[in-house]
Amino acid sequence: MLKLGILGLGEGRSTMSAALSSDRFTLVQVCDANQQLCKDRALEFGFQNWTTSYDDMLQNDEIDVIAIYTPDHLHFEHVKQALLHAKHVVCTKPFIDDLSNANELITLAEQSGKRVFVGQSSRFFEPAKRQRKDFEEGLIGDLITIESHYHADHRWFLEKEWSLKQSFKWLYGGLSHPTDFIRWYLPDIEEVMGYGMLSANGQRAGLKNQDTMHFIFKARDGRIARVSGAYTGPTQPAARDSGMSCILRGTEGASQADYHELRYSVTTSTGEEKIITWGDATLKHYFRFEGQSHHAGEYQNYLDYFADSIMNNFTAYPDLKEGIGTVALLQAMDESLETGLPVKIDGILKDYNISRASIGL
Ligand SMILES: NC(=O)c1ccc[n+]([C@@H]2O[C@H](COP(=O)([O-])OP(=O)(O)OC[C@H]3O[C@@H](n4cnc5c(N)ncnc54)[C@H](O)[C@@H]3O)[C@@H](O)[C@H]2O)c1
């Protein structure tokens, strides 16, 4: 059994639920700067070992792995501290939001010999897992193109004070999900371009950066892809249009994984058409709190996978390198929004003195 500490108990609530029902982890300690939240979580889960000081958790020799769910702009510092204290790390998305810190983390991870796993939760949702398995088994042939979106009415999120800071960008906070899908299937993106805008709702709410964006990508081998995100307005009924989807178009078939609805559809190489949904037991695994809030089931899946990777000595993906590669792509997307021009990923990597080899490309 590995010993876990959790930092940040907003979304970290899901990780508490996942850790407490895992047969690979013992939850040792949780931490949030907000004392009331610590008390609320203690009551909710009957788990009393909390602290408001991250330093306490870092000094706790019993802990093997720290899972981080603090605001986006703090991830770098919190990951760095965990590695400096010889802990394995799970960090939620977006991994970091500034590539100038990437080389330091690569070096630290190497020196510490500890593993870093990026919690790209959407990969670990049932329809996305099924889509990947079918793809790997050749059910849709070779990939031609991929399209993904994440559209959500996230006006409730703007009550969090950090969401209205200049440092918060939906590009990193939201589009990291569909952009990660693109890199899962087309790891080596050469160039990206896109447009973005701040919607009237976003402006009224006081958001500082774009909340509505469309991007197209070109991979080094010539294949193309697209993603979009819109975060400050209503969405269509979920039965018609999923909040998050990943569509693969292959040489012999096509497939679509939908988020929240637990729905997957595929046309296979034999021409068979299937629409698959999952029942109550699966719903209960994924959604453990009010409505469909939080991501406990996905976190359970990725925590257990990460534990297996440590115990059986294989790499759990996305790892640090893949995570930084996705941040490089997000940063290129950011630059394209600023300049209105296509941006090459190699140029971004060069600007930050990051070699392709060091991030597994
Ligand atoms: N699908 C997903 O994987 C998913 C979903 C939601 C949120 N997230 C990510 O989780 C992170 C947190 O989001 P959230 O919605 O829970 O935000 P939140 O503001 O509700 O929670 C963050 C918590 O971190 C605590 N905190 C901040 N600095 C701290 C410090 N130095 N020491 C101890 N505690 C500290 C805050 O008190 C707060 O309770 C974000 O990076 C977000 O992108 C991921």
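Just so we're clear, the structure is a prediction, and the values are computed from it rather than from any experiment. When a ligand or atom number is given, it counts from 1 through the structure's own listing order.
Among pairs with a residue in residues 228-247, none fulfils salt bridge (Lys or Arg N to Asp or Glu O under 4.0 Å), at least two apart in sequence or across chains.
Hydrophobic side-chain contacts under 4.5 Å tie Tyr195 into a cluster, directly or through other members, with Met193, Ile216.
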For ligand 1, find each of its N or O atoms that sits under 3.5 Å from a protein N or O atom, and tabulate the pairs with distances to one decimal place.
from	atom 1	to	atom 2	distance (Å)
ligand 1	1 (N)	Ser121	OG	2.8
ligand 1	1 (N)	His295	NE2	3.4
ligand 1	3 (O)	Ser121	OG	3.1
ligand 1	3 (O)	Tyr299	OH	3.0
ligand 1	15 (O)	Lys160	NZ	3.2
ligand 1	16 (O)	Glu11	N	2.6
ligand 1	19 (O)	Trp162	NE1	2.7
ligand 1	20 (O)	Lys160	NZ	2.7
ligand 1	31 (N)	His78	NE2	3.4
ligand 1	34 (N)	Ala33	N	3.0
ligand 1	37 (O)	Asp32	OD1	2.6
ligand 1	39 (O)	Asp32	OD1	3.1
ligand 1	39 (O)	Asp32	OD2	2.7
ligand 1	41 (O)	Thr70	O	3.1
ligand 1	41 (O)	Asp72	OD1	2.6
ligand 1	41 (O)	His75	NE2	2.9
ligand 1	43 (O)	Asp72	OD1	3.0
ligand 1	43 (O)	Lys93	O	3.2
ligand 1	43 (O)	Lys93	NZ	2.9

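Every residue meeting the salt bridge (charged side-chain N to carboxylate O under 4.0 Å, His left out) condition with Glu147, not counting sequence neighbours, appears here in chain and number order: Arg226, Arg249.
A donor-acceptor contact under 3.5 angstrom links the side chains of Tyr259 and Glu298, judged on distance only.
Counting heavy atoms of neighbouring residues, nucleotides and ligands inside a 6.0 Å radius, atom CD of Glu136 exceeds 12 of them.
Between the Gln81 side chain and the Leu58 main chain, no donor and acceptor come within less than 3.5 Å of each other.
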